[in-house]
Amino acid sequence: MTVTPLGIPRRLLEFTLDGEPVRAPEGATILDACRAAGKDVPTLCEGDTLTPKNACRVCVVEVEGARTLVPACSRKAEPGMEVRTGTERARHARKVVLELLASSVDLSTTPRAAEWIKEYEAKPDRFGPDAARVDEEPRVDNDLYVRDYGKCILCYKCVDACGDQWQNSFAISVAGRGFDARIAVEHDGPLTESACVYCGNCVEVCPTGALSFKSEFDMRAAGTWNESAQTRTTTVCAYCGVGCNLTLHVQDNEIVKVSSPHDNPVTHGNLCIKGRFGYQHVQNRD
């Protein structure tokens, strides 16, 4: 009989969330508690498989006694704290952040971005046509995935996934400083001349579509990409004996991309090049 260790249970902390008493496990973040309570706090740079970077500042909330707004994605819940998620100050901060992001990069493929811009009445156009904007052509230098830095919000999730948090390839880093900061590989060259191993784990965590499957990029360009018409089937990768889980995204009887469940104890959302991109043989009908 297999016995699953339960581990040491975490004690519960009690604090106030928007005037209501709540409980959260010790070590949980404010964002974790908000989600458990059914409160929709927007976030872009937070990922459930990575350590929070506090980069986008869309999830800021107000904590009683704190001088500044705090990022809910990384601030740990503390006993007795009083948190307010929908104050005028917090909503205004989110509005300004969304305006600045939407005025500088393309958020058209960012899930829920249009919804949040409407909810917070953000007006990215108010900065005028001369606002600094990242207008860069997508980089298509390989057959697996595309880098479209015109959609990049510098959340650093790809850097962390490629670096010491998961892949340890360190092919991706931040080049430049200040307004010139950008995501790049060595010497900002082609992906094919970098240390990239094409695991696609950076694509998995990208929140804006700045990194995407070439199949998805081509279908979007052709106007045929339709997520609502896609089915998702989770299976086990057949390439080796590790047992990685794959989620196949299928549209019109064709696999259009592959992801991996983030709650899987084997992969935690990560795959190798074979699992992520080696699916073409499945639909080879020759």
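Computation of the quantities below employed the complete heavy-atom set of this structure, encompassing side-chain atoms and omitting hydrogens, waters and symmetry-equivalent molecules. These figures come from a predicted structure and were not determined experimentally.
- Between the side chains of Asn54 and Ser74, at least one donor N or O sits under 3.5 Å from an acceptor N or O.
- Smallest separation of non-hydrogen atoms from Phe217 and Val140: CE2-CG2, 4.1 Å.
- Residue pairs meeting the ring pair (Phe, Tyr, Trp, His ring centres under 6.0 Å) criterion with at least one member in residues 189-214, sequence neighbours excluded, are Phe213-Phe277.
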* Trace of the salt bridge (Lys or Arg N to Asp or Glu O under 4.0 Å) decision for Arg147 with Asp141 -> CA-CA 9 Å; Arg147 297 176 293 162; Asp141 52 16; 2.8 Å; yes
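- Test Thr87, Thr85, Leu69 against Val61 for side-chain contact (heavy atoms from CB on, under 4.5 Å) and you get one pass: Thr85.
- Within a 6.0 Å sphere centred on CG of Asp143, other residues, nucleotides and ligands contribute 12 heavy atoms or fewer.
- A donor-acceptor pair is defined here as one N or O able to donate and one able to accept, closer than 3.5 Å; such a pair exists between the side chain of Ser194 and the backbone of Cys196.
- Using a 4.0 Å cut-off between a side-chain N of Lys or Arg and a carboxylate O of Asp or Glu, Arg91 and Glu88 do not qualify as a salt bridge.
- Of all the heavy atoms in Gly275 and Cys237, the pair that sits closest is CA-SG, 4.0 Å.
- In Lys95, the NZ atom is crowded: over 12 heavy atoms of neighbouring residues, nucleotides or ligands sit closer than 6.0 Å.
- Side-chain contact between Glu62 and Val83 is absent, with no heavy atoms from C-beta onward closer than 4.5 Å.
- The neighbour count for Asp48 CG, taken as heavy atoms of other residues, nucleotides or ligands under 6.0 Å away, is above 12.
- For residues 256-275, every residue pair satisfying the ring pair (Phe, Tyr, Trp, His ring centres under 6.0 Å) rule, not counting sequence neighbours, is listed here: Trp166-His268.
- Atom CD of Glu137 is surrounded by 12 or fewer heavy atoms from other residues, nucleotides or ligands within 6.0 Å.
- In summary, of the residues considered (Thr247, Asn264, Asn245), a side-chain hydrogen bond (donor to acceptor under 3.5 Å, both in side chains) with Thr234 occurs for Thr247 alone.
- Using a 4.5 Å heavy-atom threshold, the side chains of Ile255 and Gln280 count as separate.
- Scanning for side chain to side chain contact (heavy atoms under 4.5 Å, CB included) contacts around Ala114 gives an empty result, with sequence neighbours left out.
- Side-chain contact, Asp32 with Thr29: a donor N or O sits under 3.5 Å from an acceptor N or O.
- For Arg232, the CZ atom is loosely surrounded, since the number of other residues' heavy atoms within 6.0 Å does not exceed 12.
- A salt bridge is absent between Glu99 and Arg94; no separation between the charged side-chain nitrogens and carboxylate oxygens falls under 4.0 Å.
- The side-chain heavy atoms of Val185 and Leu191, taken from C-beta on, include a pair separated by under 4.5 Å.
- Residue-environment remark: CZ (Arg139) exceeds the threshold of 12 foreign heavy atoms within 6.0 Å.
- Panel note: side chain Glu14, backbone Val22; no donor-acceptor pair is recorded below 3.5 Å.
- Annotation: side chain of Ile183 is in contact with side chain of Ile172 (closest heavy-atom distance under 4.5 Å).
- Linking Ile, Leu, Val, Met, Phe, Trp and Tyr residues whenever their side-chain heavy atoms come within less than 4.5 Å places Ile273 and Val203 in a single cluster.
- Closest approach of Val205 and Ala161 over heavy atoms only: CG2-CB, 4.0 Å.
- Counting only heavy atoms from C-beta outward, the side chains of Tyr149 and Arg182 approach each other to under 4.5 Å.
- Residues Phe127 and Leu100 form a side-chain contact, since some pair of their non-hydrogen atoms from C-beta on lies under 4.5 Å apart.
- Asn142 contributes a side-chain N or O that, together with a main-chain N or O of Leu144, makes up a donor-acceptor pair within less than 3.5 Å.
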* Please step through side-chain hydrogen bond (donor to acceptor under 3.5 Å, both in side chains) for the pair Asn270 and Arg276, ending with a clear verdict. => CA-CA 9 Å; Asn270 300 290; Arg276 182 83 62 186; 5.3 Å; no
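- Between Leu246 and Val236, every side-chain heavy-atom pair lies at or beyond the 4.5 Å cut-off.
- Remark: the Lys151 side chain and the Thr109 side chain contain an N/O donor-acceptor pair separated by less than 3.5 Å.
- Within the 4.5 Å cutoff, no side-chain heavy atoms of Lys257 are placed close to those of Met219.
- Checking each of Lys157, Arg35, Lys53 against Glu46 for a salt bridge (Lys or Arg N to Asp or Glu O under 4.0 Å) leaves exactly one that passes, namely Arg35.
- Leu211 approaches Tyr145 most closely through the heavy-atom pair CD2-CE1, 4.3 Å.
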